[in-house]
2 protein chains.
Amino acid sequence: MKSSGSARKSEMMLKAAQRLFAEAGYEGVSMDLVAKTAGVSKATLYAHFESKEKLFAEILEAENGRIEDGDWIPERFEGDAEGVLRRFARGMASFFVDGRGLAVYRLFVTDLHRFPELVARFHAAGPLAMRSRVARLLAQMGERGALAIDDPTVAADHLIALVQGRLPFDRSIGLPPPSDAEIERHVESAVRFFLRGYAPRNPTDRR
Amino acid sequence: MKSSGSARKSEMMLKAAQRLFAEAGYEGVSMDLVAKTAGVSKATLYAHFESKEKLFAEILEAENGRIEDGDWIPERFEGDAEGVLRRFARGMASFFVDGRGLAVYRLFVTDLHRFPELVARFHAAGPLAMRSRVARLLAQMGERGALAIDDPTVAADHLIALVQGRLPFDRSIGLPPPSDAEIERHVESAVRFFLRGYAPRNPTDRR
DNA sequence: GTCTATATGAGGATAGAC
DNA sequence: GTCTATCCTCATATAGAC
């Protein structure tokens, strides 16, 4: 059962690296620390990952790729637009205050420029994929007359910008997390504003 | 005239550090490089700045404090709201694509968390000061009936979020700068959306 | 104040035994 | 594959002469 122990160690290393990089970024984590946290020696770590850069890129790609996992972007529009948008916005806010969104945001801004060959791919798989999914949702709302959506991609940019706001920025610079009440006010204000801008010109004009 | 030479060197060191830190961040710049760029020895550099952290904090405070210098946030509202907002948005966009805004944004996200005792002060002197100034402008527009502004601070958050969008984020991760046409489309779309949301309910109701 | 030379330590990566 | 021990580079910071 040697290979089983090996597989377990491999997983330990990945999990340790994932957590540490998300917390402290590329420069903030040493290979010594990753090895120690995973309970292996540095040589073992290097036997599995040829360099710190490769390890980091692998971790970041995994985190970034799971950006669509969140259940906070509905696949299809069902129900009332305001309720759907409010739930979406709440999910997005916590995603960028506490969750993977914050970690990926920080890793992108802090360290991605070190890997020029990855930038375009990761950008497409992360932020752009998220926008596409939001745009699809908004397009459905537009088709049903719940919103007056001209260009769904542009509208998605607007919605994301409003809901995201300064949340990940403020968290990244070290400000304490906003309270639930503050998040709720932020979300509420963003959604109401978005609805003002994209309300259907004639609310009764539904097909 | 020894003190004159000394003052010149002091300035050289500050200018070098300012440029280098803005380009490469705290970790990306060594004291060796700062000294070499400034044309002095490392010992001289340390005679003027007791540590790299102190030097960095001094540079960042100066850059951040000049955030209000830009002529792109008018002190007073004069003319038509749409034109003022469009000029403001163009100025802000280039501030965050090329200018000091981009540099400060990156330094904040990348390195400010290393100086917990500075976070609150720098946040107030930078992002919050900018928002205050935008809020004052919007409040004036509201008072004159050019916009329907309920809470100027909230409206400023919305406007900044829309205009800033992903510009500094995309630039920070290493994407190429958007073309002038792309910036113009972005700005135009943000301003039009903002105006839709904050248009006066009754445009003729001016005092 | 300013220089050259150096102390000191951290961290990425590898050698060699098992 | 995994370990211990080590190499090597680089970066902060300082000693000591002028």
Side-chain angles (χ1 to χ4, degrees), chain A residues 1-60 107 110-118, chain B residues 1-60 107 110-118:
Chain A
M1 301 278 177
K2 271 183 188 174
S3 61
S4 144
S6 184
R8 221 174 23 246
K9 285 193 177 172
S10 196
E11 198 180 336
M12 295 288 288
M13 288 185 271
L14 277 170
K15 286 203 95 159
Q18 172 191 346
R19 188 171 61 81
L20 293 171
F21 279 137
E23 284 170 3
Y26 185 81
E27 302 269 9
V29 177
S30 70
M31 291 297 262
D32 260 312
L33 181 58
V34 175
K36 196 179 156 195
T37 305
V40 301
S41 78
K42 229 185 339 179
T44 300
L45 183 55
Y46 274 96
H48 286 247
F49 306 95
E50 97 184 45
S51 71
K52 185 183 178 184
E53 295 207 344
K54 286 278 167 67
L55 173 60
F56 180 81
E58 195 162 319
I59 297 293
L60 184 53
L107 293 178
T110 306
D111 298 312
L112 189 50
H113 67 106
R114 290 172 164 273
F115 307 87
E117 73 283 3
L118 301 180
Chain B
M1 302 278 174
K2 273 182 187 172
S3 62
S4 145
S6 183
R8 220 172 26 244
K9 285 192 176 171
S10 195
E11 198 178 338
M12 296 288 287
M13 288 185 272
L14 277 169
K15 285 202 97 158
Q18 172 191 346
R19 189 172 61 81
L20 293 171
F21 279 137
E23 285 170 3
Y26 184 81
E27 302 269 8
V29 176
S30 71
M31 293 296 264
D32 258 313
L33 181 58
V34 174
K36 196 179 158 196
T37 306
V40 302
S41 78
K42 231 184 337 179
T44 301
L45 183 55
Y46 275 96
H48 286 247
F49 306 95
E50 97 184 44
S51 70
K52 185 182 178 184
E53 295 208 343
K54 285 280 167 66
L55 173 60
F56 180 81
E58 196 162 317
I59 297 293
L60 183 52
L107 293 178
T110 306
D111 298 312
L112 189 51
H113 68 105
R114 289 174 164 272
F115 307 87
E117 73 284 2
L118 301 179

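All chains are named by letter (A, B, ...) in the order of the sequence lines, taking the proteins before the strands, and each is independently numbered beginning at 1. A quick note: this is a predicted structure, and the numbers were derived from the prediction, not measured.
A:Met12 has its CE atom 15 Å from the C1' atom of D:dT2, to the nearest Å. Protein atom CD of A:Glu27 is 15 Å distant from nucleotide atom C1' of D:dT12, rounded to whole Å. One can place CG of B:Leu45 at 13 Å from C1' of D:dA11, the figure rounded to the nearest angstrom. Counting to the nearest Å, the C1' atom of D:dT12 and the CZ atom of B:Phe56 are 16 Å from each other. Distance B:Leu33 CG to D:dT12 C1': 14 Å, rounded to the nearest Å. We find that NZ of B:Lys36 is positioned 13 Å from P of C:dT4, with the value rounded to whole Å. A:Arg114 has its CZ atom 11 Å from the P atom of C:dG12, to the nearest Å. Remark: C1' of D:dT4 and CG of A:Asp32 are 13 Å apart, rounded to the nearest angstrom.
A:Glu58 CD to A:Leu60 CG: the interatomic distance, rounded to the nearest 0.5 Å, is 11.0 Å. Distance CG/A:Leu107 to CD1/A:Ile59: 10.0 Å, rounded to 0.5 Å. Taken from CG in B:Leu45 to CG in B:Leu55, the straight-line distance is 6.0 Å, to the nearest 0.5 Å.
OP1 or OP2 of D:dC3 has at least one side-chain nitrogen or oxygen of A:Lys9 nearer than 4.0 Å. Taking only side-chain nitrogens and oxygens, A:Ser41 comes nearer than 4.0 Å to OP1 or OP2 of D:dC3.
The B:His48 side chain lies nearest to C:dG1 when the options are C:dA13, C:dG1, C:dC3.
Using a 4.5 Å cut-off on side-chain heavy atoms (C-beta onward), A:His48 and A:Leu14 make no contact.
Ring orientation note: the planes of A:Phe56 and A:Phe115 are close to parallel, at an angle under 30° on the 30°/60° scale.
Residues that satisfy the side-chain hydrogen bond (donor to acceptor under 3.5 Å, both in side chains) test with A:Lys15, not counting sequence neighbours, are absent from this structure.
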Kindly list each side-chain donor-acceptor pair under 3.5 angstrom involving residues 22-41 of chain A, sequence neighbours excluded, with atom names and distances?
{"unit_1": "A:Glu23", "atom_1": "OE2", "unit_2": "A:Arg19", "atom_2": "NH1", "d": "3.4"}
{"unit_1": "A:Glu27", "atom_1": "OE2", "unit_2": "A:Arg114", "atom_2": "NH2", "d": "2.2"}
{"unit_1": "A:Ser30", "atom_1": "OG", "unit_2": "A:Leu33", "atom_2": "N", "d": "3.0"}
{"unit_1": "A:Asp32", "atom_1": "OD2", "unit_2": "A:Lys42", "atom_2": "NZ", "d": "3.4"}
{"unit_1": "A:Thr37", "atom_1": "OG1", "unit_2": "A:Leu33", "atom_2": "O", "d": "2.7"}
{"unit_1": "A:Ser41", "atom_1": "OG", "unit_2": "A:Ala43", "atom_2": "N", "d": "3.4"}
{"unit_1": "A:Ser41", "atom_1": "OG", "unit_2": "A:Thr44", "atom_2": "N", "d": "3.2"}
{"unit_1": "A:Ser41", "atom_1": "OG", "unit_2": "A:Thr44", "atom_2": "OG1", "d": "3.2"}

Polar atoms only, N or O, under 3.5 Å: list the protein pairs with nucleotides 14-18 of chain D and their distances.
none

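Using a 4.0 Å heavy-atom distance criterion, B:Val29 is classed as a sugar-phosphate-only contact.
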